[in-house]
4 protein chains.
Amino acid sequence: MSASTIHDRQQQVKHQAAQEAIYEAALEVIGRPDFKGLRVQDVARQASIATGTLYNYFKNKEDLLFYVDRRLHETVLGRIQEISSRPEPASRRLNDILEAIFEVVGRHRAVFDLAERSGIPDKKPVEEGRTLLGSATACFEKVLADGMAEGRFRSVDARRTSRILLHAIVGIFETHKYLKDYDYGPSRRDLLALVEDYLQPV
Amino acid sequence: MSASTIHDRQQQVKHQAAQEAIYEAALEVIGRPDFKGLRVQDVARQASIATGTLYNYFKNKEDLLFYVDRRLHETVLGRIQEISSRPEPASRRLNDILEAIFEVVGRHRAVFDLAERSGIPDKKPVEEGRTLLGSATACFEKVLADGMAEGRFRSVDARRTSRILLHAIVGIFETHKYLKDYDYGPSRRDLLALVEDYLQPV
Amino acid sequence: MSASTIHDRQQQVKHQAAQEAIYEAALEVIGRPDFKGLRVQDVARQASIATGTLYNYFKNKEDLLFYVDRRLHETVLGRIQEISSRPEPASRRLNDILEAIFEVVGRHRAVFDLAERSGIPDKKPVEEGRTLLGSATACFEKVLADGMAEGRFRSVDARRTSRILLHAIVGIFETHKYLKDYDYGPSRRDLLALVEDYLQPV
Amino acid sequence: MSASTIHDRQQQVKHQAAQEAIYEAALEVIGRPDFKGLRVQDVARQASIATGTLYNYFKNKEDLLFYVDRRLHETVLGRIQEISSRPEPASRRLNDILEAIFEVVGRHRAVFDLAERSGIPDKKPVEEGRTLLGSATACFEKVLADGMAEGRFRSVDARRTSRILLHAIVGIFETHKYLKDYDYGPSRRDLLALVEDYLQPV
DNA sequence: CATGAATGAGCATTCATTCAT
DNA sequence: GATGAATGAATGCTCATTCAT
């Protein structure tokens, strides 16, 4: 390992730290109660840097938004993956995953909304969305399969069920937005109850 | 009934006819393959009127969007209501309702997308959304209740099932947008299969 | 001729009048002693219109610059053409043409400079430049040919002489810019003297 | 001569070497086929130095441009001077000088264009331009005078002729830019032919 | 009622220059 | 001397809405 590599690594770490700081500044700005639209200057000021500096770490505003969007999705996925592999009963994990998803997405609702309004879903590479959904579905499948193996769940098509479960979760966020009702609790419990009813061994 | 009233009615009819024409122009414009964003001028030109004239029929651009959004949702709801009261087996009606929803929403995908990106869901009166969702849920409930009465469906919580069903439908649209996959067929069949599995009499 | 045509014509006249006013405003702004660079807002303010209004008459800033550049070149060419066809001795016309060119270009020096610095020559259609130069050359040729016919000039290659004459004129502007000497008189007289010496009948 | 002086000289040489390297890097950058505008960073990178380092050798970007412009003009002038003092017939030297000028300027067209678009002519010290033009004119004068002494050229005002000749050369570059025609050959031959015709002994 | 020209606020991005290391 | 990250000013263009005709 040469001195050059050490230097390069230090640079890389600094670069990531700066990105991280800007990312957090963006979350702050977007989450403000009076937030109207994302202005680069606001993010820069929140991060205590000059606007031009921000452009050393993100190609442009859209690039920043992509990053924010990706980071949040990764956060959610990370929670799902972590919980799904816990050594606990399947139904408990199912419940915890739902709680985690609704908690994280609910907390950053404004960010997800902004990403959607900015057309991020349209612009992000399909592959990225596919991978994300695939990974999330896989976690649900694993939990369902475990539950069936445990004999706690009756035998159903785990993949299909997982996919529809994910659709329902996404739909809950969308529907509640229409109702401006951000207490996802009832819907989450409804969903869980229905799933458990569906999976009830005969 | 005075002459004034007759005149008023004529006015009202003309007013609605104009709104209708503008609504259709908006659908045309939004549906264009190269559509980027909704410009009032484009709608006016498509409707063959002056921009100023449009403002005689809609308070502002947002108002027009609300109208478009509402009309489309009413169209979908209308289809759901019509099908749900047909004298046919519940499972047939369930299938037809799903087909109808996916067909109409799919056809006007660009419009729903635009409404969402414009923040219409956030801004429209809660009551309107609640009523719409309530009506749609009621249709599903009716069909499910009929199916149970017929003995074709096992007995489940019809309201809860209807709500989750609706969430799942909404979620399918959202998820497919992420995947830029606008063939809703597979997801629709997955959903129907799962529901029928769930409702299978023991 | 229909009413529509009358209306259209009126529109066209108004449109041209507006373009003309903006053109003059641009000349004013560019000619200011403290002029640094062309800002659309400055032109609009000088023309007493809003910035947006300017964009009803010119597609963008570059478009305005093209217009200004073309108008000025046409002005110069117009002067050349008018003088070259006067019923006067060739040498008198030659002198007057030179005086006219140096007068007009000198007066709008800042505009020509700006056009050049903005890369207008690079971007304008070659054909336009070719036509302009061709027309100017033709005027010189005519005068030279007339002078030869009159027996006042000795017989030389009129086209070649005209072309070089034009190059020399252009070069004088360029050279004087280097010297920041905007009294073109001496060079103009040098040029005329040399030409007359060259054309002196044996 | 003290040690200090030796050190100073070494410093000076190193300084000039660095300037030279940066100058060449600038020529490279400006000459790139996709060159759009001169960015200090691009020059620094081409010269394999940091941007800040460049500022140790040039006060600012304009200063660098002045240097580039001056060096190129000196190059051209050097060619002119060298050729003008060759022991050859005047008309041969005249031809060679023209060929040399058009060759060098043609090769570095992009640089001259940039200098002009950057307003270098306006900003550079008058004295420098005057000296340059004076020297070039002197070379032409010398050649013309030699030609007259040789009896190969008829007797004309050598200074005036030289000045106009220079103007015409400059004008040719300018005119061809308008026409986006970078084959100076025809104009150069036209010019030479006209001059020789003018100087033809009776 | 219809017209459509005029309005003007609002914001991303670049890049020459500096200066702490 | 060398480095290169940080700075921040500066500006063209869009488009919803108005209102005089």
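Every chain is numbered from 1, with letters handed out A, B, ... down the list of sequences.
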Scan the side chains in residues 20-36 of chain B for donor-acceptor partners under 3.5 Å anywhere in the protein, sequence neighbours excluded, and list what turns up.
| from | atom 1 | to | atom 2 | distance (Å) |
| --- | --- | --- | --- | --- |
| B:E20 | OE1 | B:R71 | NH1 | 2.4 |
| B:E20 | OE2 | B:R71 | NH2 | 3.4 |
| B:R32 | NH2 | B:Q46 | OE1 | 2.8 |

Spacing of [X] atom [atom1] relative to [N] atom [atom2], expressed in whole Å:
{"X": "D:R45", "N": "F:dT3", "atom1": "CZ", "atom2": "P", "value": "13 Å"}
{"X": "B:L64", "N": "F:dC15", "atom1": "CG", "atom2": "C1'", "value": "15 Å"}
{"X": "D:K61", "N": "E:dT18", "atom1": "NZ", "atom2": "P", "value": "14 Å"}
{"X": "D:K59", "N": "E:dT18", "atom1": "NZ", "atom2": "C1'", "value": "15 Å"}
{"X": "A:D42", "N": "E:dG10", "atom1": "CG", "atom2": "C1'", "value": "12 Å"}
{"X": "C:E62", "N": "F:dT11", "atom1": "CD", "atom2": "C1'", "value": "16 Å"}
{"X": "D:L65", "N": "E:dT17", "atom1": "CG", "atom2": "P", "value": "11 Å"}
{"X": "C:F58", "N": "F:dG12", "atom1": "CZ", "atom2": "P", "value": "15 Å"}

Answer yes when C:E116 and D:R117 have at least one side-chain N-carboxylate O distance shorter than 4.0 Å, and no when they do not. no
Testing the basics here: between [X] and [Y], what is the closest heavy-atom pair and its distance to 0.1 Å?
{"X": "D:L54", "Y": "D:A44", "value": "CD1-N, 4.1 Å"}
{"X": "B:Y55", "Y": "B:K61", "value": "OH-N, 4.4 Å"}
{"X": "D:F66", "Y": "D:K123", "value": "CZ-CB, 3.6 Å"}

Which part of the nucleic acid, if any, lies within reach of [X] when heavy atoms closer than 4.0 Å are counted: base, sugar-phosphate only, or nothing?
{"X": "B:L38", "answer": "sugar-phosphate"}
{"X": "D:Q11", "answer": "sugar-phosphate"}
{"X": "A:Y57", "answer": "sugar-phosphate"}

Which residue lies toward the 5' end of DNA chain E, C:A50 or D:Y55, if each is placed at its nearest nucleotide?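 Final value for this comparison: C:A50.
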Pick the nucleotide of DNA chain E nearest each of B:I49 and C:A18; which residue has the one closer to the 5' end?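 The 5'-side residue here is B:I49.
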C:T53 side chain to C:I49 main-chain N or O, any donor-acceptor pair under 3.5 Å?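 No, C:T53 side chain to C:I49 backbone: no donor-acceptor pair under 3.5 Å.
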Test of understanding: with side-chain contact (heavy atoms from CB on, under 4.5 Å), list the residues that count as partners of C:D113, not counting sequence neighbours. C:K177, D:D122
When you match A:L54 and C:N60 each to their closest nucleotide on DNA chain F, which lands nearer the 5' end? A:L54
Which residue, B:T51 or A:Q41, contacts DNA chain F at a nucleotide closer to its 5' end, judged by nearest heavy atom? A:Q41
Check this for me: does the side-chain of D:T53 come within 3.5 Å of the base of F:dG1 through a donor and an acceptor?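 Such a pair does not exist between side chain and base.
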A:N56 side chain N/O closer than 4.0 Å to the phosphate oxygens (OP1, OP2) of F:dA6?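 Yes, within the criterion.
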Bracket notation of DNA chain F in which parentheses pair within the strand, [ ] cross earlier pairs, and | pairs with another strand (Watson-Crick or G-U, under 3.5 Å): .||||||||||||||||||||
